[in-house]
Amino acid sequence: MLWVKAFHIVFVASWFAGLFYLPRIFVNLAMVPPDSTAERERLLLMARKLLRFMNILMVPALGLGLWLWLGYGIGSNPQADWMSLKLGVVLLVLGYHHVCMRHLRYFESGEASHSHIWYRWFNEAPVLLMVAAVLLVVLKPF
């Protein structure tokens, strides 16, 4: 199980790297002047490639997490309320990933309406989610 845990951590960290950087590309896209087509297309290409890579990393991160959850029998342990909260955080991370996909589609279609300042704040959410997940796993407060 330690191998599974190690690879789960690697894939989660890699997935989160994308979740940290994709909104940063959105910040730059929101700042592109309307007449700078080449810059906009280059940033969109970077965002598409990063999102594709994030989608690939997400699958083993979730699969290995499920393997750990089932393997340790945490779901059947009434003393493991921390895991219910952590699974809630995982659902929020999946929701954030989905929202990132939607924002990329908005940029691709020219319908993005948020400012670069909004995207700077949006970029902070995965940091808070990661901190919450790590604290729950390490401290197991409940």
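- Aromatic ring centres of F107 and Y119: separated by under 6.0 Å.
- Rounding to the nearest 0.5 Å gives a distance of 14.5 Å between CD1 of I25 and NE2 of H103.
- Among all heavy-atom pairs drawn from N123 and P126, the shortest one is O-CD, 3.3 Å.
- When all heavy atoms of N55 and M101 are compared, the closest pair comes out as OD1-SD, 4.1 Å.
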>> Between L104 and L44, is the side chain to side chain contact (heavy atoms under 4.5 Å, CB included) condition met? List the steps.
In response: CA-CA 8 Å; L104 179 55; L44 283 173; 3.9 Å; yes
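- Hydrophobic clustering of Ile, Leu, Val, Met, Phe, Trp and Tyr side chains at less than 4.5 Å, counting indirect connections, keeps L92 apart from W121.
- One finds the CD atom of E41 at 9.0 Å from the CD atom of E108 (value rounded to the nearest 0.5 Å).
- Cluster membership for V137 and L87, using ILVMFWY side-chain heavy atoms within less than 4.5 angstrom, is shared.
- In this structure, CG in N28 is found 10.5 Å from NE2 in H116, a value given to the nearest 0.5 Å.
- When all heavy atoms of V89 and A132 are compared, the pair lying nearest together is CG2-CB, 4.2 Å.
- By the 30° and 60° cut-offs, the orientation of the rings of F11 relative to F7 is tilted.
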> Run the side chain to side chain contact (heavy atoms under 4.5 Å, CB included) check on W69 and K86 step by step: do they pass?
Replying inline: CA-CA 11 Å; W69 184 47; K86 193 229 177 206; over 6 Å; no
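- A distance of 9.5 Å separates CG of L43 from CG of L45, quoted to the nearest 0.5 Å.
- Across every non-hydrogen atom of P23 and C100, the tightest pair is CG-SG, 4.2 Å.
- A distance-only check finds a donor-acceptor pair linking the side chain of H8 to the backbone of G65 [under 3.5 Å].
- Going from atom NE2 of H97 over to atom CG of L94 covers 8.0 Å, rounded to the nearest 0.5 Å.
- Among all heavy-atom pairs drawn from S36 and V32, the shortest one is O-CG1, 3.6 Å.
- Residues L64 and V12 are not in side-chain contact: their nearest non-hydrogen atoms beyond the backbone lie 4.5 Å or more apart.
- Side chains of R40 and T37 form no contact here, defined as non-hydrogen atoms less than 4.5 Å apart.
- Considering CZ of F26 and NE2 of H114, their distance stands at 11.0 Å, rounded to 0.5 Å.
- In this structure, the side chains of V93 and F16 come closer than 4.5 Å at one or more pairs of heavy atoms.
- Ring-plane geometry between F122 and W118 is classed as parallel, the angle between the planes falling under 30 degrees on a 0 to 90 degree scale with a further cut at 60.
- A pairwise comparison of heavy atoms in M1 and G71 identifies CE-CA, 3.2 Å as the closest pair.
- Placement of L128 and L85 in two distinct hydrophobic clusters is found when ILVMFWY residues are connected by side-chain heavy-atom separations under 4.5 Å, directly or transitively.
- Counting heavy atoms from C-beta outward, L19 and L129 have side chains that stay 4.5 Å or more apart.
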